[in-house]
2 protein chains.
Amino acid sequence: MTADFVGIGELARRTGTKVQTIRYYEEIGLLPPPARTTGNQRRYDRAAQQRLAFIRHARELGFSLDAIRTLLDLVDHPEQPCERADAVARARLAEVESRIVRLLALREELQRMVRECHGGRVAQCRVIEVLADHGRCLYADHQAPDRTGVRRGGDRQWASADGQRSAS
Amino acid sequence: MTADFVGIGELARRTGTKVQTIRYYEEIGLLPPPARTTGNQRRYDRAAQQRLAFIRHARELGFSLDAIRTLLDLVDHPEQPCERADAVARARLAEVESRIVRLLALREELQRMVRECHGGRVAQCRVIEVLADHGRCLYADHQAPDRTGVRRGGDRQWASADGQRSAS
DNA sequence: TTGCGACCTACAGCGACTGGAGGTTCAAGG
DNA sequence: CCTTGAACCTCCAGTCGCTGTAGGTCGCAA
């Protein structure tokens with residue numbers, strides 16, 4: 001039987017959150033300030049545990065803390081219509097879909113880079129050439145706004161003058 | 001005919017970078033310090049323009065600045081074998097592939113949320129229920145390490161006590 | 001009572017920028 | 001030649017979502 005009032009460490013273990021993260025959520029108002037022992041240590045009840053589980057789950061699904069704040073407001077006022085929760089989820093879905101499209105194109109590009117590198121010198125390395133030249137890129141999502149003055153040859157004469165820059 | 005020595009603003013426009021970002025890249029040593037006018041303003045040559053284009057392209061493909069630093073070192077020393085560039089690209093590819101897998105699962109989850117929200121009250125909203133309960137989640141990547149003491153019903157009694165928390 | 005791990009607050013730092021304040025320079029028009 | 005205003009300069013603070021550290025306190029078992 002697990003106790004219902006637990007310390008922050010136990011809560012962290014149960015929800016897979018770091019202790020500092022829990023305190024951080026409290027600080028920014030996502031978690032209400034919990035009860036304290038006489039020695040000023042936090043004690044969390046089951047409601048807090050479930051609220052934190054909600055937050056972690058939403059975070060893992062990629063919701064921003066701001067979106068989660070909106071969602072938690074809705075949780076706290078369950079008589080409203082759920083359009084806002086729906087809107088938050090839909091926005092997130094759109095975001096995820098566009099990321100998937102971008103990542104698929106990116107994967108193509110990287111696969112091509114790796115496929116074409118035949119283990120020679122850097123001077124012939126396609127990885128670097130592809131990165132150097134927008135024109136060879138399959139990934140259409142990031143066209144340079146103005147390509148004027150940018151040659152599309154395989155030259156890499158634009159490395160820094162001495163070839164020895166090691167600003168660290 | 002575009003001039004070959006341009007100010008930072010023109011460079012920004014040509015590469016789709018913000019002016020501050022260019023200065024930041026210089027500060028952290030990704031771009032070498034450019035020539036200056038007598039009045040201390042930066043003037044960039046074509047090499048700098050191409051180097052910045054390389055950086056931006058790599059960033060858009062999701063490389064970290066650290067990975068880009070490695071790549072630029074290779075660009076500056078083209079006599080080495082290209083194994084390191086290849087390794088950077090391969091690592092990135094693996095990363096992208098795992099992100100795609102995660103995002104596809106996540107999309108499923110969000111689509112299900114949205115599909116099941118029938119525009120009622122928040123009290124019946126599936127978006128919130130799914131977020132509240134790990135057990136209903138298809139997205140296997142984030143199993144809670146310990147579900148003891150977490151009921152799996154549709155109850156949402158764990159909202160904060162007063163229902164009025166508006167810490168902002 | 002002692003010991004030690006869990007806890008407390010406060011603050012600094014990460015990556016990769018972005019924005020603003022407050023001052024200087026450049027280039028075009030009059 | 002002088003004025004104007006956009007572009008530039010440096011320095012610094014803030015963003016997001018944490019994470020880590022320092023230096024001190026508490027809880028609990030032996």
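On a predicted model such as this, the values are computed, not experimentally measured, just so you know.
A pairwise comparison of heavy atoms in B/Ala12 and B/Lys18 identifies CB-C, 4.3 Å as the closest pair.
Atom CG in A/Leu65 sits roughly 9 Å away from atom C1' in D/dC18 (whole-Å rounding). Distance B/Asp66 CG to C/dG15 P: 8 Å, rounded to the nearest Å. Rounded to an integer number of Å, the gap from A/Ile28 CD1 to D/dG14 C1' is 16 Å. Between the CD atom of A/Gln20 and the C1' atom of C/dA12 there is a distance of 13 Å, rounded to whole Å. Computed from coordinates, the B/Arg23 CZ to D/dC8 P distance equals 8 Å when rounded to whole Å. Here C/dG15 presents its P atom at 12 Å from CZ of B/Arg59, a figure rounded to the nearest Å. Atom CD1 of B/Ile68 is separated from atom C1' of C/dG15 by 12 Å (rounded to the nearest Å). Rounded to an integer number of Å, the gap from CD1 of B/Ile22 to C1' of D/dA7 is 13 Å.
Contact check, B/Tyr24 against C/dG15: no side-chain N or O comes under 4.0 Å of OP1 or OP2. Residue B/Arg42 has no polar side-chain atom (N or O) positioned under 4.0 Å from OP1 or OP2 of D/dC8. Residue B/Thr21 has a polar side-chain atom (N or O) positioned under 4.0 Å from OP1 or OP2 of C/dT18. The phosphate of C/dG15 has neither OP1 nor OP2 within less than 4.0 Å of any side-chain N or O from B/Arg69. Applying the 4.0 Å criterion to OP1 and OP2 of C/dT9, one finds that A/Arg36 has a side-chain N or O inside that range. OP1 or OP2 of D/dG17 has not a single side-chain nitrogen or oxygen of A/Lys18 nearer than 4.0 Å. Residue B/Thr37 places at least one side-chain N or O under 4.0 Å from the OP1 or OP2 atom of C/dC26.
Between the side chains of B/Gln41 and B/Arg43, at least one donor N or O sits under 3.5 Å from an acceptor N or O.
Residues A/Arg92 and A/Glu95 are paired through a salt bridge, judged by an N-O separation under 4.0 Å between the basic side chain and the carboxylate.
Side-chain N/O atoms of A/Gln41 and base N/O atoms of D/dG27 include no donor-acceptor pair closer than 3.5 Å.
Positionally, the nearest nucleotide of DNA chain D for B/Gly7 lies more toward the 5' end than for the other of B/Gly7 and B/Glu27.
Residue-level contact check: A/Tyr25 touches the backbone only, with heavy atoms under 4.0 Å from sugar-phosphate atoms and none from bases.
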- Query: For A/Glu97 and A/Val101, what are the C-alpha separation, side-chain angles and deciding distance, and is it a side chain to side chain contact (heavy atoms under 4.5 Å, CB included)?
  - Reply: CA-CA 6 Å; A/Glu97 283 179 334; A/Val101 169; 5.8 Å; no

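A/Leu71 has its side chain out of reach of A/Ile55: every pair of non-hydrogen atoms, C-beta onward, lies at least 4.5 Å apart.
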